[in-house]
Amino acid sequence: MTNYCYAGLVLSSSLALPELPAAGARRPGEAAIAFEVITSSPPEPEAGRWVDFPIGDGREAPPAVARTDGGYLLRFPTEADFLISPDASRVVCSPHGAQAEKTIRHLLLDQVLPRVVAHRGRLVLHAGAFELTGAAVAVVGASGLGKSTLIAGFHRAGFHALTDDGLIVMVDDTGCTGLALYPGLRLWPPSIAGLDIEPAETVPMDSRSAKRRVRLPAAGAPAPRPLIALFVLTPPPNEDEVQDVTMAPLSARDACVELLRASFQLDIGSPHRAAGHLETAALVAGRLPVFTLSYPREYALLPGVREAILRSLEP
């Protein structure tokens with residue numbers, strides 16, 4: 001088993017995870033998650049116990065989860081099953097046939113572990129984030145609206161990309177804090193070309209997807225940063241016409257709805273967990289400035305979008 005840093009935790013894995021920063025030996029009592037790949041299949045839950053997730057990462061068949069005697073079984077129908085212990089401290093993967101290691105790594109890092117961390121009581125968003133003078137600015141939005149491309153554009157302009165799709169948001173009396181699950185940036189080929197990223201700067205993400213991972217400078221384990229704003233991407237009213245960059249503040253109520261819509265969950269059928277999830281989202285929405293953001297989906301216009309965002313964040 002090798003130790004890695006993920007979401008402020010130590011992840012001990014039997015599978016090499018080159019996307020993650022290395023961690024030293026785990027100290028006694030330190031929070032940790034153990035992961036391994038096995039060849040046997042977990043017991044099959046009853047058919048009526050399955051619940052589909054609304055977010056399927058573009059797959060033909062969305063992932064589904066079922067409670068089992070051993071915890072939770074998270075299934076990606078054509079790729080693998082992941083059995084998660086009740087306390088979310090252990091994850092076991094049972095691949096469906098021969099799967100490329102990069103496919104298992106992608107599912108683990110970008111689909112399974114975010115839900116594991118959320119199950120441990122954190123608010124985990126499908127959010128990209130970039131660094132601005134020591135703070136974090138986050139972006140959420142439905143698949144296809146350009147969240148990762150926007151973060152990559154900031155990164156190319158000198159604003160360090162913290163993450164493109166996984167951010168823990170915490171709140172206290174002083175405000176909100178963001179912590180990247182791990183430093184990652186994934187893009188479709190048109191975005192790689194549109195942002196003038198050299199192919200040599202990327203590696204394949206998943207054997208079943210054309211998306212690629214952009215190589216980021218080694219920076220060690222992510223650190224918590226003050227979270228100063230969150231932008232919710234929305235489509236332009238009419239994409240056939242040239243539109244200006246538009247922003248509008250959201251009320252705390254509407255911001256809470258967007259936070260819930262953008263969050264990861266594992267046990268989506270538990271009223272107790274749903275109540276706690278809603279409470280955390282409401283606290284964040286009451287303290288974090290949240291704006292809608294709409295702009296034309298053209299790579300040449302991204303510098304103007306960045307300027308508009310930065311102007312909106314000026315004191």
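Please read all numbers here as calculations on a predicted model, not as lab measurements. Side-chain atoms are counted along with the backbone in the values below, which use heavy atoms only and exclude waters and symmetry mates. Each residue takes its place number in the sequence, starting with 1.
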> Is there a chain of hydrophobic side chains (I, L, V, M, F, W, Y, each step under 4.5 Å between heavy atoms) that links Leu216 to Leu132?
Replying inline: yes

>> In the structure I gave you, are the side-chain heavy atoms of Val112 and Phe76 within less than 4.5 Å of one another anywhere?
In response: yes

> Would you say Arg120's side chain and Val116's backbone share a donor-acceptor pair under 3.5 angstrom?
Replying inline: no

> When hydrophobic residues are tied together by side-chain contacts of less than 4.5 Å, even through go-betweens, does Phe154 share a cluster with Val245?
Replying inline: yes

> Taking all non-hydrogen atoms of both residues, which atom of Pro42 and which atom of Asp81 are closest, and how far apart?
Replying inline: CG-OD2, 4.0 Å

> For Leu187 and Thr202, what are the C-alpha separation, side-chain angles and deciding distance, and is it a side chain to side chain contact (heavy atoms under 4.5 Å, CB included)?
Replying inline: CA-CA 9 Å; Leu187 296 173; Thr202 71; over 6 Å; no

> So Phe130 and Phe159, would you call those rings parallel, tilted or perpendicular, with 30° and 60° as cut-offs?
Replying inline: perpendicular

> Rounded to the nearest 0.5 Å, what separation is found between the CZ atom of Arg75 and the OG atom of Ser94?
Replying inline: 9.0 Å

> Taking Glu36 for the side chain and Arg90 for the main chain, is one N or O donor matched with an acceptor at less than 3.5 Å?
Replying inline: no

> CD1/Ile197 to CZ/Arg212 distance, rounded to the nearest 0.5 angstrom?
Replying inline: 11.5 Å

>> Looking at every heavy atom in both Ile168 and Ala7, which two are closest together, and how far apart are they?
In response: CD1-CB, 3.8 Å

> For Val140, what are the other residues in its hydrophobic cluster, where any two members join if their side-chain heavy atoms are less than 4.5 angstrom apart?
Replying inline: Leu123, Leu125, Leu167, Val169, Val171, Leu227, Leu230, Val232, Leu250, Leu259, Leu283, Val284, Leu288, Val290

>> Give me the atom names and distance for the closest heavy-atom approach of Pro183 to Pro222.
In response: CD-CG, 3.7 Å

> Measuring from Thr103:OG1 to Asp206:CG, what's the distance to the nearest 0.5 Å?
Replying inline: 4.0 Å

> Is the count of non-hydrogen atoms from other residues, nucleotides or ligands lying under 6.0 Å from Arg213 atom CZ greater than 12?
Replying inline: yes

> At their closest point, which heavy atom of Leu107 faces which heavy atom of Glu79, and how far apart are they?
Replying inline: CD1-CB, 3.8 Å

>> Using a 3.5 Å distance criterion without hydrogens, assess whether the side chain of Arg105 forms a donor-acceptor pair with backbone atoms of Pro18.
In response: no

>> Please say yes or no: joined through hydrophobic side-chain contacts below 4.5 Å, possibly via intermediate residues, are Met170 and Tyr182 part of one cluster?
In response: yes

>> Can you tell whether the side chains of Arg311 and Glu314 come within less than 4.0 Å, N to carboxylate O?
In response: no

> Judged by atom type as modelled, is there a donor-acceptor pair below 3.5 Å linking the side chain of Tyr6 to the main-chain atoms of Leu109?
Replying inline: yes

> According to the interplanar angle, ranging from 0 to 90°, do the rings of His119 and Tyr72 count as parallel (below 30°), tilted (30 to 60°) or perpendicular (above 60°)?
Replying inline: perpendicular

> Does the distance from a Lys or Arg side-chain N to an Asp or Glu carboxylate O, for Arg287 and Asp172, drop under 4.0 Å?
Replying inline: no

>> The criterion is side-chain hydrogen bond (donor to acceptor under 3.5 Å, both in side chains); which residues satisfy it with Ser40, sequence neighbours excluded?
In response: none

> Tyr295 ring centre to Arg297 NZ or CZ under 6.0 Å, with the angle to the axis within 45°?
Replying inline: yes

> So, are Asp164 and Lys211 salt-bridged, with charged N and O less than 4.0 Å apart?
Replying inline: no

> Does Leu108 share a hydrophobic cluster with Met1, counting links as ILVMFWY side-chain heavy atoms below 4.5 Å and allowing steps through other members?
Replying inline: no

> Minimum heavy-atom separation for Gly8 to Leu179, with atom names?
Replying inline: N-CD2, 4.1 Å

> Any idea which heavy atoms bring Ala210 and Trp188 closest together, and the distance?
Replying inline: N-CZ3, 4.0 Å

> Can we say Glu19 and Arg186 salt-bridge, meaning some charged N sits less than 4.0 Å from an Asp/Glu carboxylate O?
Replying inline: no

> Would a hydrophobic clustering, with Ile, Leu, Val, Met, Phe, Trp and Tyr connected at side-chain separations under 4.5 Å, put Leu181 with Leu15?
Replying inline: yes

>> For the CD atom of Glu258 and the OG1 atom of Thr292, what is their distance to the nearest 0.5 Å?
In response: 9.0 Å

>> Once rounded to the nearest 0.5 Å, what's the spacing between atom CG of Leu17 and atom CG of Leu11?
In response: 6.0 Å

>> Looking at Asp69, I'd like to know if its CG atom is crowded, meaning that more than 12 non-hydrogen atoms belonging to other residues, nucleotides or ligands lie closer than 6.0 Å.
In response: no

> Is there side-chain contact between Ile309 and Met247, with heavy atoms separated by less than 4.5 Å?
Replying inline: yes

>> To the closest 0.5 Å, what do you measure between CG (Leu9) and CD1 (Ile33)?
In response: 5.0 Å

